[in-house]
Colleague: 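My questions all concern the structure below.
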Number of protein chains: 2
Amino acid sequence: MSHTHESTITHLTETEIEQRLKQHGYRLTGPRGAVVEAVLGHTRPFTAEQLVAELADGPEAIGRATVYRTLEVLASVDVLTRIVSPDGHPSYLSGAPGHRHHLLCELCGTTVTFTACPMTDLIAELASDTHFEIRDHTLEVFGICPACQQAGRV
Amino acid sequence: MSHTHESTITHLTETEIEQRLKQHGYRLTGPRGAVVEAVLGHTRPFTAEQLVAELADGPEAIGRATVYRTLEVLASVDVLTRIVSPDGHPSYLSGAPGHRHHLLCELCGTTVTFTACPMTDLIAELASDTHFEIRDHTLEVFGICPACQQAGRV
DNA sequence: AGTTTATTGACACCTGGTATCACTAGTGCT
DNA sequence: AGCACTAGTGATACCAGGTGTCAATAAACT
């Protein structure tokens with residue numbers, strides 16, 4: 001059996017998310033609902049601009065600023081995780097952050113979330129060697145998923 | 001004794017760097033020399049825009065595009081490493097990449113390079129669990145260095 | 001010296017994201 | 001239900017960081 005503890009992303013429903021927003025003192029508005037719905041429509045990582053585009057077409061025509069603000073809110077409420085790829089482009093994943101890392105397919109975006117973090121020992125060691133107070137780390141893994149390998153998209 | 005194998009960054013001289021550029025088929029131009037010199041002046045991480053600003057003042061007035069292009073060239077020739085912080089802002093470190101990771105002070109930029117990478121086992125495990133072909137990973141550590149802690153800048 | 005080709009830099013442009021601010025609409029109160 | 005209060009909205013302008021274009025320039029090779 002594996003030690004990676006792959007985790008299925010806990011899939012929240014729209015109402016659960018809206019509950020959570022309320023609990024944190026956020027209002028439940030039309031535009032916000034539309035953003036939540038759009039976010040739930042994605043199982044793969046998406047960028048803020050993608051969402052802006054989708055929602056600009058939609059019936060409600062949500063503004064750019066609102067989309068960005070809502071993404072921030074959703075991330076702060078643990079409905080979304082924001083990750084940054086090595087080339088510096090941020091994208092969002094639905095699912096709570098917490099201590100989690102991701103394995104992403106560079107071609108199709110398929111994402112596997114895992115909770116095993118090999119950093120604990122290293123961090124302790126670095127801290128005792130350097131006397132840094134360690135606060136954060138990045139760790140994301142990139143590769144090609146089996147489907148893309150088979151499809152010869154490599 | 002530590003297992004982190006902290007490494008001093010191999011400091012190349014200007015001529016060594018220019019040798020290396022030549023070996024890779026790049027020409028040795030005035031502006032390029034100026035960028036190299038400016039890069040060597042930094043022991044801490046710096047951004048492309050910082051360098052642009054520095055060099056705009058200088059006697060030679062190097063253009064923005066040239067600075068960006070040269071940084072790319074220097075990174076491709078292993079004179080610089082480009083790292084991206086969790087907030088998505090890229091910066092450059094002088095020193096070859098290779099398999100290296102960094103511990104950066106969030107306040108003053110002091111950087112410790114280490115070669116111990118705890119990823120090897122995890123990668124093998126992830127690969128066998130998911131059948132991804134793993135190609136890349138990010139791993140950078142952030143914290144507060146002892147000097148900044150003492151200075152109470154925390 | 002002359003030719004070739006990489007390199008330069010001014011400039012316009014682009015993308016992703018943020019600040020402003022008058023307006024709108026949830027929410028709680030009565 | 002009506003009202004007041006404040007969070008939230010979105011148009012717009014703006015910003016930073018970075019890229020594409022292209023005529024002019026300068027290495028390098030003969």
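In what follows, chains are A, B, ... by sequence order, proteins preceding strands, each numbered from 1.
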Colleague: The side chain of Thr66(A) is closest to which nucleotide in this list: dA10(C), dG17(D), dT9(D)?
Modeller: dT9(D)
Colleague: Using distance only, find each side-chain donor-acceptor pair of residues 22-30 of chain B under 3.5 Å and give its atom names and separation, not counting sequence neighbours.
Modeller:
unit_1   : atom_1 : unit_2   : atom_2 : d
Thr29(B) : OG1    : Arg32(B) : N      : 3.2

Colleague: Between the protein and nucleotides 27-30 of chain D, list the N/O to N/O atom pairs that are separated by less than 3.5 angstrom.
Modeller:
unit_1  : atom_1 : unit_2   : atom_2 : d
dA27(D) : N3     : Arg27(B) : NH1    : 3.3
dA28(D) : OP1    : Leu28(B) : N      : 3.3

Colleague: With respect to the side chain of Tyr68(B), which nucleotide from dA19(C), dG17(D), dG8(D) is positioned closest?
Modeller: dG17(D)
Colleague: Just compare dG18(D), dA19(C), dG16(C) and give me whichever is closest to any side-chain atom of Pro90(B).
Modeller: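 Closest of the options to the side chain of Pro90(B): dG18(D).
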Colleague: Between Ala61(A) and Glu49(B), who's closer to the 5' end of DNA chain D by nearest nucleotide?
Modeller: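 With Ala61(A) and Glu49(B) compared, the 5'-side residue is Ala61(A).
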Colleague: With a non-hydrogen cut-off below 4.0 angstrom, is Arg64(B) in contact with a base, only sugar-phosphate, or nothing?
Modeller: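 The answer is base, as Arg64(B) lies within the cut-off (heavy atoms under 4.0 Å) of a base atom.
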Colleague: How many whole angstroms separate atom CD of Glu72(A) from atom P of dA7(D)?
Modeller: 17 Å
Colleague: Taking Gln150(B) for its side chain and Ala147(B) for its backbone only, find out whether a donor-acceptor pair lies under 3.5 Å.
Modeller: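 Between the backbone of Ala147(B) and the side chain of Gln150(B) there is no qualifying donor-acceptor contact (under 3.5 Å).
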Colleague: Kindly say whether Ile62(A) contributes a backbone atom to a donor-acceptor pair with the side chain of Thr66(A) at under 3.5 angstrom?
Modeller: no
Colleague: Five pairs at each end of the helix from dA1(C)-dT30(D) to dT30(C)-dA1(D): take the axis at both ends and give me the angle between them to 10°.
Modeller: 30°
Colleague: Which atom names give the shortest non-hydrogen contact between Gly143(B) and Phe132(A), and what distance separates them?
Modeller: C-CD2, 4.2 Å
Colleague: For residues Ala48(B) and Val67(B), report the shortest heavy-atom separation together with the two atoms involved.
Modeller: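 Closest pair (atom of Ala48(B), atom of Val67(B), distance): O-CG1, 4.2 Å.
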Colleague: I'd like to know if the side chain of Glu72(A) and the backbone of Arg69(A) have a donor-acceptor N/O pair within less than 3.5 Å.
Modeller: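 No; judged by distance alone, with no hydrogens or angles, the pair does not exist.
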Colleague: Just by distance, with hydrogens left out, do Tyr68(A) and Glu49(A) show a side-chain donor and acceptor under 3.5 Å apart?
Modeller: yes
Colleague: Taking Gln149(B) for the side chain and Ile144(B) for the main chain, is one N or O donor matched with an acceptor at less than 3.5 Å?
Modeller: yes
Colleague: Using only heavy-atom distances, decide whether a donor-acceptor pair under 3.5 angstrom links the side-chain of Arg69(A) to the base of dG10(D).
Modeller: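 Checked by distance alone, the answer is yes.
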